[in-house]
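Here is the structure we will look at.
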Amino acid sequence: MCSAPRPLGFDQRHLLGIEGLQPWAIQDLLDRADGYVDLNRSPDKKRPLLKGLTQINLFFEPSTRTQTSFELAGKRLSADVVNMSVRSSAVKKGETLIDTAMTLNAMHPDVLVVRHQDSGAVALLARHVNCAVVNAGDGQHEHPTQALLDALTIRRRKGRLAGLTVAICGDVLHSRVARSNLLLLSAMGARTRVVAPPTLLPTDVHLYGCEVFHDMERGLEGVDIVMMLRLQLERMEGAFFPSVREYFRLFGLSHEKLARAKPDALVMHPGPMNRGVEIDGLIADDIERSAILEQVELGVAVRMGVLEVLTRELRGER
Ligand code: NCD
């Protein structure tokens, strides 16, 4: 009888989402990313690992953190990195997503990093190219590298993921960050809660194995991690809550509400944040409580880890 070979680590061609990833593959990505944190803090940040390889960042939606960190990650590993913003591309002239993908593919990139406003668009594009594709956020669907950098932040601060209770609060309905985090955290043995008004929750939220709260004070009771989400007004048609003032009163993170969480609970936010809407600016800036800038810092290391595993075969490693 032959037994299945023990997996060596992340073994996919693309990183399109957290869905379907095994805990050992997530662990492998987190461990590799962790290995880049000190390098990124040192004066000599460059390594020759991706020398000769080409990475194209194709962003159909605006981005500060994600695009910059993918660019830095590629450059620190010595890839040739090209940033294509849709503002200046032929997409504005009516080229379809598939035509754009096939055009870029003809130039032999090794990695395509794609952000798109439509859920599923990145997976569709991946079917038309020969290179590795990384989903840098597709519509309301997934944002796998954000969930990985959130997990790395938690793991470094708390020493583990399993057994922690994480409350994901706010506009869960429109959030690809929430979806990827719910999948990753439960795969890694954390307990998850969502805290939101009913209008800002997906109808299938119960499928994610999380507890659901509509009252923030109760939802934050005893949690280890408070993960706030941005109110994604650009994805809303019509009114989902009475007013921004009312939203902050009920679902904004204030000192009073945070006092319900564990005394050492960590506050997180993927950014960009709306101060005074979903979070009190003083909490966001409190370096004792908030890990928001650490999330940004670790984002570069996570993207380096992802680029490393996706190019393993190209580099003759296996
Ligand atoms: C998130 C995104 O784009 O999904 N931001 C990010 O990547 N740091 C969250 C958001 O836009 O609110």
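Only a predicted model underlies this, so the values are computations on that prediction, with no experimental measurement involved. Every number for a ligand or one of its atoms is a count from 1 in the order of the listing.
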Mark up the atoms of ligand 1 that fall under 4.0 Å of a heavy atom belonging to V177, in ascending order.
1 (C), 4 (O), 9 (C)
Intermediate values then yes/no, side chain to side chain contact (heavy atoms under 4.5 Å, CB included), L253 and L220:
CA-CA 10 Å; L253 187 63; L220 294 193; 3.8 Å; yes
Can a side-chain donor-acceptor contact be found between R65 and S69 if the only test is distance below 3.5 angstrom?
no
E142 side chain to E19 backbone, donor-acceptor under 3.5 Å:
yes
Residue P270 vicinity, atoms of ligand 1 by number, heavy atom under 4.0 Å
8 (N)
Picking from L104, N105, V122, N130, what satisfies side chain to side chain contact (heavy atoms under 4.5 Å, CB included) with L112?
L104
Is it possible for you to check whether R303 lies under 6.0 Å from the centre of the six-membered ring of F70, through NZ or CZ, and within 45° of that ring's axis?
yes
Heavy-atom proximity to atom 3 (O) of ligand 1, best of R230, H143, R176
R176
Thinking salt bridges, do R315 and D110 make one under a 4.0 Å N-O criterion?
no
Closest to atom 5 (N) of ligand 1 among protein heavy atoms sits G271 O, 2.9 Å
Using heavy atoms and a 4.0 Å limit, tell me yes or no: is R115 in contact with ligand 1?
yes
Below 3.5 angstrom, do we get any N/O pair linking P272 and ligand 1?
no
List every atom of ligand 1 that sits less than 4.0 Å from any heavy atom of Q146, numbering the atoms from 1 in the order shown and giving each element.
6 (C), 7 (O), 8 (N)
